[in-house]
Amino acid sequence: MLDPKFVRENTDVVREALARRHYPHHFLESFLKADSHWRVTTQELDHLKNERNRMTPNGKPTEDQLLVLKQLAETIKQRQDSVNQAEDAVKNAALFLPNIPDASVVSGETESDNIEIKRVGEPRLFEFQPLAHDELATRRGLIDFEAAVKVTGARFALYRGSGARLERSLINFMLDLHTQRHGYTEILPSVIVNTASLIGTGQLPKFESDLFRITDTDFWLSPTAEVQLTNSARDTIVHEEQLPVRLTAHTSCFRKEAGSYGKDMAGIIRQHQFNKIELVQMVNPTESMTGLHELLGHAEAVLVALGLPYRVVQLCTGDLGFSAGITYDIEVWFPSQGKYREISSCSNFFDFQARRAMIRYREKLTGKVNYLHTINGSGLAVGRTFAAILENFQNEDGSITVPPALVPYLNLEQL
RNA sequence: GGAGAGAUACCCAAGUGGCUGAAGGGGGCGGUUUGCUAAACCGUUAGUAGGGUUAAACCUAGCGAGGGUUCGAAUCCCUCUCUCUCCGCCA
């Protein structure tokens, strides 16, 4: 959420930000309208309440006083109703305003306008036609797609044997790296979250159609552990010395993938349920850009350790997520597709999520309470890492060489 | 799923309609005394959100959350959330 005061006083900045995102500007107009209406109504109400407070005697009121007070109470009641309505309108409008892109983010419309920052690792030259990961996985009996369709449906997977073991090894390997080398505290949260949490990180109210909801409850399947990790600090004030807070978690993530019919239907690139290691940092506002680059490095370290070629791109304004102020995507090389595909998305949200979720810190020097900054990224999407390993380390006979870093976890050198 | 008891400030806790934004204690902070520490004593401890202002002043809200009754609610009524105890069921 943006600071209502800031929006009110810097409409040009916000208007410009929405334009850069190609986001409809009527959201701003409705916010401003609702906001000014709310302010006027609230002031009137506050005046009336002040009058009542001044007039109310300490004991029983006289008949005359009672007459006046009764009338006043009636007026206040009516005003209160309009204030409540106005307040709902403002809150709702505010929740639909996206974050302001950082000044350094380049304007653009689609992912083709994203900026490549760097490439790491050389894509391997194959002397044979490299197979797609789903083909490899099926041939080696690592994933049983037919069984998954039977059990659940399309866009689900059933890992089998050393396939299941590889997925589990990757999870352990990544968690160990982040907790032992990068200073994150491991969290094991529920995968079901409530509405307030999804509003806190910005998935709701705007993106309900991307989410699985559990019928007749206030519960949803979490689309990313960002929701659980960030909201674990919702409505709290931490001491400045406790920052930065670094949390990591492995969870299953659930997405409807509405509107992506036909995209990535084969394999495990785009699933309704997938494993992901999430990295979340809550930091002092002065350190959030440093934190973002560090976090990006933490995610990259996984690919470096596994020996997978990747590149880093910076998202343009049009590709930027609703809550993010600046985002770097890490894309890993897929030989069968001859291109880089997203495997992590690392963002600085500035105080956008902290405001929605009321996550604050107390300044040591002044004792003042401030919103902190939140940063998060995948470290990494496990299924996509699985797929990338299969493709990049495949041999001509269809076997897969296990990256040395994973051998201690897998106890196998070949799949 | 059933029955009961709770939720008040950093913590414990009093408060059953106006004199309460809140007694009392603990803890924290500051001070007096002291060679230092401790003890004792004195003082202080409402933060926060919103409006307002150049900044203040000032105003409003706030006793788990949301409604209701009332001129007036921490206090009465309703709904919900969470915590605890017992029973049932259960990995």
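Here is the naming used below: chain letters follow the sequence lines, and residue numbers restart at 1 for every chain. Given the structure is predicted, the values throughout are model-derived calculations rather than measurements. Below, each value reflects all heavy atoms present in this structure, side chains not excepted, and no hydrogens, waters or symmetry copies.
- Residues in residues 92-105 of chain A take part in these side-chain hydrogen bond (donor to acceptor under 3.5 Å, both in side chains) pairs, two or more places apart or across chains: A:Asp102-A:Ser104.
- The two residues A:Gln394 and A:Pro130 make their nearest non-hydrogen contact at NE2-CB, 3.4 Å.
- Taking the C1' atom of each, B:G31 and B:A39 are spaced 16 Å apart, rounded to whole Å.
- Rounded to a whole Å, the CZ atom of A:Arg355 is 13 Å from the C1' atom of B:G50.
- A:Lys256 has no carboxylate O lying under 4.0 Å from a charged side-chain N of A:Asp210, or vice versa, which leaves the two without a salt bridge.
- Heavy-atom distances to RNA chain B give each of A:Ile237 and A:Asn50 a nearest nucleotide, and the one nearer the 5′ end belongs to A:Ile237.
- Among the nucleotides B:C71, B:G51, B:A61, the one closest to any side-chain atom of A:Trp38 is B:G51.
- Nucleotide B:U34 forms no Watson-Crick or G-U wobble pair with any nucleotide shown, as no partner meets the under 3.5 Å limit on both distances.
- Counting non-hydrogen atoms of other residues, nucleotides and ligands closer than 6.0 Å to CD of A:Glu116 gives a total above 12.
- Rounded to whole Å, atom P of B:U70 lies 10 Å from atom CD of A:Glu74.
- Rounded to the nearest Å, the gap between the C1' atom of B:G43 and that of B:A5 is 40 Å.
- The separation of B:G27 from B:U33, taken at their C1' atoms, amounts to 22 Å, rounded to a whole angstrom.
- Across all strands shown, B:A49 pairs with B:U60; the Watson-Crick or G-U wobble distances both stay below 3.5 Å.
- In this entry B:A13 has no Watson-Crick or G-U wobble partner, no candidate having both defining distances under 3.5 Å.
- Taking atom C1' in both B:C58 and B:G52, the straight-line distance is 8 Å, to the nearest Å.
- Judged by distance alone, the side chains of A:Glu300 and A:Tyr310 do bring a donor and an acceptor atom under 3.5 Å apart.
- Nucleotides B:U69 and B:A14, compared at atom P, are 31 Å apart to the nearest Å.
- The shortest heavy-atom contact between A:Pro223 and A:Leu198 is CD-CD2, 4.0 Å.
- Between A:Arg39 and B:G52 there is a side-chain N or O to OP1 or OP2 distance below 4.0 Å.
- Pair assignment for B:A5 gives B:U83, based on Watson-Crick or G-U wobble hydrogen-bonding distances that are each under 3.5 Å.
- Out of B:C71, B:G67, B:A61, the shortest distance to the side chain of A:Lys70 is found at B:C71.
- Scanning all heavy atoms of the two residues, the minimum distance from A:Gln228 to A:Thr251 falls at NE2-CG2, 4.2 Å.
- Partner assigned to B:G43 is B:C29, using Watson-Crick or G-U wobble distances below 3.5 angstrom.
- Taking atom P in both B:G25 and B:U32, the straight-line distance is 23 Å, to the nearest Å.
- Regarding contacts with the backbone of B:G52, a side-chain N or O of A:Gln43 is found under 4.0 angstrom from either OP1 or OP2.
- A close approach under 4.0 Å does not occur between any side-chain nitrogen or oxygen of A:Lys77 and OP1 or OP2 of B:G72.
- Rounded to whole Å, the distance from CG on A:Leu69 to C1' on B:A73 is 15 Å.
- Separating the NE2 atom of A:His37 from the P atom of B:G51 is a distance of 16 Å, rounded to the nearest angstrom.
- In this entry the distance linking CD1 of A:Ile76 with C1' of B:U60 reads 11 Å, nearest Å.
- B:A22 sits 8 Å from B:U8 when the C1' atoms are compared, rounded to a whole Å.
- Take the nearest nucleotide of RNA chain B for A:Asn84 and for A:Asn53: the residue whose nucleotide is more 5' is A:Asn53.
- A straight line from CE of A:Met55 to P of B:C71 spans 14 Å, rounded to a whole angstrom.
- In terms of phosphate contacts, A:Arg54 brings no side-chain nitrogen or oxygen within less than 4.0 Å of OP1 or OP2 of B:C59.
- Distance check on atom C1': B:A74 versus B:G26 gives 23 Å, rounded to whole Å.
- Nearest nucleotide to the side chain of A:Asp46, out of B:C71, B:G50, B:U48: B:G50.
- Pairing partner, B:U20: none, since no Watson-Crick or wobble contact has both distances short of 3.5 Å.
- Computed from coordinates, the A:Asp218 CG to B:C80 C1' distance equals 11 Å when rounded to whole Å.
- Taking atom CG of A:Asp35 as the reference point, atom C1' of B:G52 lies 14 Å away to the nearest angstrom.
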